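As structure tokens, the structure follows; a few thoughts come after it.
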Amino acid sequence: MELGLVGLGKMGGNMRERIRRAGHTVLGYDRNADLADVHSLQELVEKLKGPRVVWVMVPAGAATQSTIDELAALLSPGDVVVDGGNSRWTDDEKHAVELGLKDIGFVDCGVSGGVWGLENGYALMYGGTAENVAKVQPIFDALKPEGDFGSVHAGKVGAGHFAKMVHNGIEYAMMQAYAEGWELLEKVNSVTDVREVFRSWQEGTVIRSWLLDLAVNALDEDEHLEKLRGYAQDSGEGRWTVEAAIDNAVPLPAITASLFARFASRQDDSPQMKMIAALRNQFGGHAVENTK
């Protein structure tokens, strides 16, 4: 089938290649003309045969909104827009209504796989009506990993991005657990080869995972992570997961703690720790370190 793909960055560019390898035709548009097959959304739409499927892979928020607004003015009834970025599920509901007024279908799709997706396939979580999903299904089949798993029609519009949001929340907590374990192992004198301890966990343990494999890769490149600054950004999905948990009265202590740990990483000199140090000194006479 034919697909229009908007956004050809690290993810979008590799997705275009994987879809083409599966025998489909992909016309890609990107603001970077060196990456693009066509040079405007209008040209993209004009070159696709109807009913059209256009997959959007641009940053969540204003960029996605403006792209969908422009596509709404260019597409025809029966066409389908897929948002494969990291949009919030509440935005999906709004986009479906806006496009639906023009009889244009909408499917939201959470995509996981990163830079490894080209070779390994992408885990896909999508939401929308059965009719609209069916129009995109050949592309889902091309992108997913080999085998029976890695692709799911999660529910109605918004379900795909909600599932991906929860996936990323779990990812936050798993990474935090590995990070805390690594720091503790590095701290003690009795463990002399932390990297090989991590490597030994890759087989036969209940904590083996792809994230563990990636941790070993990182330690092979920089054994004590001395080249890195202890600062971790968040994409927004961890925050949305915690907010959704509050809205639904679901306790998420591990995921919430992992999100707050990222916030703490951005403080060179934690104000909270200053207060804790001051209080420990006041009630117990514990030593404090003064600034120079």
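Computed from a predicted model, the values in this text were never measured in an experiment. Numbers for residues simply follow the sequence, beginning at 1.
At most 12 non-hydrogen atoms from other residues, nucleotides or ligands lie less than 6.0 angstrom from CD of E183. Atom CZ of R20 has more than 12 heavy atoms from other residues, nucleotides or ligands within 6.0 Å.
Using a 4.5 Å heavy-atom cutoff, the side chains of F106 and N132 are not in contact. Taking 4.5 Å as the limit, some side-chain heavy atom of I139 sits within range of a side-chain heavy atom of I19. Counting only heavy atoms from C-beta outward, the side chains of L71 and V56 approach each other to under 4.5 Å. Using a 4.5 Å heavy-atom cutoff, the side chains of H95 and Q65 are in contact. For the pair L124 and V111, the minimum side-chain heavy-atom distance is below 4.5 Å. Put simply, the side chain of L214 reaches to within 4.5 Å of the side chain of W116, judged on heavy atoms. Taking 4.5 Å as the limit, every side-chain heavy atom of R199 sits out of range of all side-chain heavy atoms of L219.
Atom CG of L75 sits about 8.0 Å away from atom CG of L99, to the nearest 0.5 Å. Taking CH2 from W210 and CD from E171, the interatomic distance works out to 9.0 Å, rounded to the nearest 0.5 Å. Note that NZ of K94 is 13.5 Å distant from CH2 of W89, once rounded to the nearest 0.5 Å. Rounded to the nearest 0.5 angstrom, N168 CG and Y172 OH are separated by 7.0 Å. Taking CG from N217 and CG from L212, the interatomic distance works out to 10.0 Å, rounded to the nearest 0.5 Å. Between the CD1 atom of I207 and the CE atom of M174 there is a distance of 9.5 Å, given to the nearest 0.5 Å.
Residues in residues 2-60 take part in these ring-ring contact (aromatic ring centres under 6.0 Å, His included) pairs, two or more places apart or across chains: W55-F140.
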Return all side-chain donor-acceptor pairs below 3.5 angstrom for residues 8-17, not counting sequence neighbours, or 'none' if the list is empty.
| from | atom 1 | to | atom 2 | distance (Å) |
| --- | --- | --- | --- | --- |
| N14 | ND2 | K10 | O | 3.4 |
| R16 | NH1 | L35 | O | 3.0 |
| R16 | NH1 | D37 | OD1 | 3.3 |
| R16 | NH1 | D37 | OD2 | 3.0 |
| R16 | NH2 | L35 | O | 3.3 |
| E17 | OE2 | R21 | NE | 3.1 |

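Listed for the R18 side chain is a donor-acceptor partner under 3.5 Å among the backbone atoms of A142. Between the side chain of R52 and the backbone N or O of E46 there is no donor-acceptor pair closer than 3.5 Å. Checked by atom type and distance alone, the side chain of R208 never pairs as donor or acceptor with a backbone atom of E203 at under 3.5 Å. Of the possible donor and acceptor atoms, one in the side chain of H161 sits under 3.5 Å from a partner among the backbone N and O of G85. No donor-acceptor pair closer than 3.5 Å links the side chain of T256 to the backbone N or O of P253. Judged by distance alone, the side chain of E2 and the main-chain N or O of K49 form a donor-acceptor pair under 3.5 Å.
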Might you work through the side chain to side chain donor-acceptor pair (under 3.5 Å) test for D83 and S87, ending with a clear yes or no?
CA-CA 8 Å; D83 179 4; S87 294; 2.6 Å; yes

Between L41 and L74, does a side-chain contact (heavy atoms from CB on, under 4.5 Å) hold up when you go through it step by step?
CA-CA 8 Å; L41 287 180; L74 295 169; 3.9 Å; yes

Trace of the side-chain contact (heavy atoms from CB on, under 4.5 Å) decision for L185 with F198
CA-CA 10 Å; L185 287 167; F198 260 60; 3.8 Å; yes

After noting the C-alpha distance and the side-chain angles of D193 and E223, does the key distance pass the side-chain contact (heavy atoms from CB on, under 4.5 Å) rule?
CA-CA 9 Å; D193 200 333; E223 183 174 357; 3.9 Å; yes

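Both M57 and Y122 are part of a single hydrophobic cluster, where members link through side-chain heavy atoms under 4.5 Å apart. Residues L101 and V107 fall into different hydrophobic clusters, defined by Ile, Leu, Val, Met, Phe, Trp and Tyr side chains chained together at heavy-atom separations under 4.5 Å. A continuous path of hydrophobic side-chain contacts links V191 to W201 [ILVMFWY only; heavy atoms under 4.5 Å]. Connection of V53 to V6 is not established within any shared hydrophobic cluster, with ILVMFWY side chains joined at heavy-atom distances below 4.5 Å, either directly or through further cluster members. Residue I104 is grouped with residue I68 when hydrophobic side chains (ILVMFWY) are merged at heavy-atom distances under 4.5 angstrom, including chains of intermediate members.
Between D108 and K164 there is no salt bridge, since no side-chain nitrogen of the basic residue lies less than 4.0 Å from a carboxylate oxygen of the acidic one. Ion pairing between a basic and an acidic side chain is recognised when a charged N comes within 4.0 Å of a carboxylate O; R239 and E243 show no such pairing.
For the side chain to side chain contact (heavy atoms under 4.5 Å, CB included) with V54, the lone residue among L3, L5, L48 that qualifies is L48.
In this structure, the side-chain contact (heavy atoms from CB on, under 4.5 Å) partners of E226, at least two apart in sequence or on a different chain, are D222, H224.
Scanning all heavy atoms of the two residues, the minimum distance from A123 to P145 falls at N-CD, 4.3 Å. S258 and A173 get closest at one heavy-atom pair: OG-N, 3.5 Å.
Between Y126 and H153, the ring planes lie parallel to each other; the angle is under 30°, not in the 30° to 60° tilted range.
Side chains of Y178 and S209: a donor-acceptor N/O pair is present below 3.5 angstrom, by distance only.
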